[in-house]
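Chain identifiers are assigned alphabetically (A, B, ...) following the order of the sequence lines, protein sequences preceding nucleic acid strands; residue numbering begins at 1 within each chain. As the structure is a computational prediction, the values presented were derived from the model and not from experiment.
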Amino acid sequence: NAGVTQTPKFQVLKTGQSMTLQCAQDMNHNSMYWYRQDPGMGLRLIYYSASEGTTDKGEVPNGYNVSRLNKREFSLRLESAAPSQTSVYFCASAGGVGNQPQHFGDGTRLSIL
Amino acid sequence: SQQGEEDPQALSIQEGENATMNCSYKTSINNLQWYRQNSGRGLVHLILIRSNEREKHSGRLRVTLDTSKKSSSLLITASRAADTASYFCATDDGGSYIPTFGRGTSLIVHP
């Protein structure tokens, strides 16, 4: 019953440090997504992967990179963290793109000092 | 850019009352989804309604869709304290099928 698992749950970084957020799903889903959630802004899409081997930019991709390592795993990397990237990051997966509900992890709370 | 916008931003009711929240969007869609988020947790899918559907039910939830007005409503009947959460609508842009989330409605149900 794991669903979507995100690690770590909390992290504090200093400006300029790098970090990779991990996401894994066990539902054999084709598509995976990374969102950030800021107060008053709702969820904004950073990157998504419609299927294994493909990735595409979302609404706010600047400062981030992603890797679809295999069908299960989709990681998000901050190469040089900035205070503006302080946020809660959510990973989601879905059976496919279009008419498919998304399943979310419980998020990574990231603070950048 | 944000497609769906929920209204009201916050809603406070007593247990047993009905809660109605609305979502308006700007462009044609393929489908619209509603999600719930409890404090400190990820979003949980509630209902997906396709553009050719007008109403769907799931337990105490009723969702309507009016494509002529580009709006949807989520009705929670006989609310419970456990319904306290934020509720989000998600719409695609009719082309990419990638959902875009609104800012959400914060619902508080007082016991």
hydrophobic_cluster_shared for A:Val66 and A:Val60, side chain cutoff 4.5 Å: yes
ring-ring contact (aromatic ring centres under 6.0 Å, His included) contacts in which one or both residues fall within residues 47-88 of chain B, not counting sequence neighbours: none
Shortest non-hydrogen contact between A:Phe104 and B:Leu43, atoms and distance: CB-O, 3.4 Å
Backbone N/O of A:Gly107 and side chain of B:Arg41: donor-acceptor pair under 3.5 Å: no
A:Phe90 with A:Ile112, same ILVMFWY side-chain cluster at under 4.5 Å: no
Chain B interface, residue from A:Gly105, A:Pro101, A:Pro39 that has the most non-hydrogen pairs under 4.5 Å: A:Pro101
Donor-acceptor contact present, side-chain B:Tyr35 to main-chain A:Gln102, <3.5 Å: yes
Enclosure of B:Gln9 CD (heavy-atom neighbours >12, cutoff 6.0 Å): no
pair A:Tyr35-B:Pro99: side-chain heavy atoms closer than 4.5 Å: yes
A:Gln37-B:Gln37 side chain donor-acceptor pair, cut-off 3.5 Å: yes
Path from B:Tyr25 to B:Ile47 over hydrophobic side-chain contacts below 4.5 Å: yes
Evaluation steps, side chain to side chain contact (heavy atoms under 4.5 Å, CB included), between B:Ile98 and A:Leu45: CA-CA 9 Å; B:Ile98 303 297; A:Leu45 181 65; 3.4 Å; yes
More than 12 heavy atoms from other groups under 6.0 Å of CZ on B:Arg80: no
